[in-house]
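Structure record follows, encoded as structure tokens.
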Amino acid sequence: MPLVTLNEILPQARRDGYAVAAFNVANLETLYSVVRAARAENSPLIVQVYQRLFEDDRAELIGVMARRLAEQSDAPMALHLDHGGTLDRVKQALDIGYTSVMIDGSALPFEENIALTSQAAALAHAAGATLEAEIGHVPFGDGEVKLSDAAEAAQFARQTKVDALAVSIGTAHGFYKKAPKLDIARAAQIGQSVPIPLVLHGGTGVSDEQLLSAITCGVAKINIATELQNLFIRGAAGEIERNGDNFKPVDVYLKPVEAQLFDYARAKIRTLRR
Ligand code: 13P
């Protein structure tokens with residue numbers, strides 16, 4: 001089927017109590033592995049791309065491949081800009097056919113985040129796409145966590161017309177130095193105050209048990225980048241060690257790595273639908 005928006009995937013997930021994996025892909029191998037994993041599970045999928053890949057042709061080229069792969073599949077798949085920083089970036093993604101975008105105003109004061117997100121929502125909706133935005137702040141690495149507030153989340157969702165809301169409940173992007181402990185009580189409060197699907201960023205390194213608890217609170221999209229991409233890099237390094245000086249063409253070299261990514265993505269997709 002053609003690529004779909006988040007609205008064809010997430011409201012049903014929230015209603016039925018499961019989450020859809022949103023994998024950050026960066027090349028053919030990462031894309032192809034997660035798409036094949038979703039197909040094997042007959043599961044919806046969100047393919048997302050960090051905004052730095054929009055600085056050259058990569059995001060567009062990945063989009064062409066994703067569109068083609070979606071058309072060959074019966075399960076719905078969305079193509080999403082992750083952490084768009086500006087309205088220009090949002091427009092660029094919409095122009096090249098992304099069916100969903102995120103505007104990240106989470107570092108701005110609340111009212112400014114509302115204003116920016118409202119503008120991005122208008123752009124996305126005019127293009128027939130969906131918008132994700134963030135309230136509170138999920139940091140990258142060691143940055144400071146700013147937890148989301150339920151009353152603010154409700155006001156934000158109402159005023160901005162955002163389609164999916166990323167919330168900060170104790171996660172961060174990247175590997176954790178100390179195992180994270182999610183604030184599930186806060187997530188539950190937010191879930192009761194906000195009817196739209198919630199998004200959890202920083203899915204790497206969060207235990208399955210905590211992910212499943214977050215899902216019961218209304219989280220319907222779980223973002224995973226670091227764990228998947230690290231598997232690709234470590235997998236390739238492992239192949240170099242195994243093969244020594246023997247030359248193999250790139251596609252042959254990376255086949256076993258793709259198999260690892262497929263297994264990882266398939267297991268994660270299955271867990272989130274438990
Ligand atoms: P991780 O890199 O921690 O998996 O987070 C991914 C993410 O939230 C992308 O927006």
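When a ligand or atom number is given, it counts from 1 through the structure's own listing order. All values derive from a computational prediction rather than experimental measurement. Residue numbers start at 1 and run along the sequence shown.
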Of all the non-hydrogen atoms in the protein, which one sits nearest to [atom], and at what distance?
{"atom": "atom 2 (O) of ligand 1", "value": "T226 OG1, 2.5 Å"}
{"atom": "atom 9 (C) of ligand 1", "value": "D82 OD2, 3.0 Å"}
{"atom": "atom 7 (C) of ligand 1", "value": "H173 CD2, 3.2 Å"}
{"atom": "atom 8 (O) of ligand 1", "value": "G202 N, 2.8 Å"}
{"atom": "atom 3 (O) of ligand 1", "value": "G174 N, 2.8 Å"}

Which atoms of ligand 1 have any heavy atom of [X] under 4.0 Å away?
{"X": "A225", "result": "1 (P), 2 (O), 4 (O), 6 (C)"}
{"X": "I224", "result": "4 (O)"}
{"X": "A172", "result": "3 (O)"}
{"X": "N24", "result": "9 (C)"}

**Request:** Would you please indicate yes or no on a ring centroid separation below 6.0 angstrom for Y98 and F54?
**Result:**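 Yes, close enough.
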**Message:** So for Y50, does at least one of its heavy atoms come nearer than 4.0 angstrom to any atom of ligand 1?
**Reply:**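 It does; at least one heavy atom falls under 4.0 Å.
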**Asked** Does H83 come within less than 4.0 Å of ligand 1, judged by its heavy atoms?
**Response**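 Checking ligand 1 against H83, which is what was asked, there is a heavy-atom contact under 4.0 Å.
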**Request:** Group every Ile, Leu, Val, Met, Phe, Trp and Tyr by side-chain heavy-atom contacts under 4.5 Å, then state whether L228 and L200 land in the same group.
**Result:**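 Yes, because L228 and L200 connect within a single hydrophobic cluster, where side-chain heavy atoms sit under 4.5 Å apart.
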**Message:** Would you call the rings of H201 and H83 parallel, tilted or perpendicular, taking 30° and 60° as the class edges?
**Reply:**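 Geometry flag for H83 against H201: perpendicular rings.
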**Request:** Begin with the C-alpha distance, continue with both residues' side-chain angles, and end with the deciding distance and a verdict on side chain to side chain contact (heavy atoms under 4.5 Å, CB included) for V145 and H137.
**Result:** CA-CA 6 Å; V145 178; H137 183 62; over 6 Å; no
**Nearest-option assignment for atom 1 (P) of ligand 1, heavy atoms, candidates N223, T204, D104, L200** =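 Looking at heavy atoms only, T204 sits closest to atom 1 (P) of ligand 1.
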**Prompt:** How close do Q210 and I184 get, heavy atom to heavy atom, and via which atoms?
**Reply:**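 In terms of heavy atoms, the two residues are closest at O-CD1, 4.1 Å.
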**Prompt:** How far apart are the closest heavy atoms of A153 and I190, and which atoms are they?
**Reply:**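 Heavy-atom minimum between the residues: CB-CG2, 4.0 Å.
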**Item:** N-O pairing of R39 and D74 below 4.0 Å
**Value:**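 No salt bridge links R39 with D74.
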**Request:** Output yes when R266 and D263 qualify as a salt bridge under the 4.0 Å nitrogen-oxygen rule, no when they do not.
**Result:**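 Result for this pair is no, no salt bridge flagged.
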**Message:** Any nitrogen or oxygen of H201, side chain or backbone, less than 3.5 Å from one on ligand 1?
**Reply:**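 Indeed, backbone or side chain, H201 has an N or O that close.
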**Message:** Pairs of nitrogen or oxygen atoms closer than 3.5 Å, one from Q48 and one from ligand 1: do any exist?
**Reply:**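 Q48 vs ligand 1: no N/O contact under 3.5 Å.
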**Asked** Quick one: does E41's side chain have a donor or acceptor within less than 3.5 Å of a partner on R270's backbone?
**Response**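 Not a single qualifying donor-acceptor pair exists.
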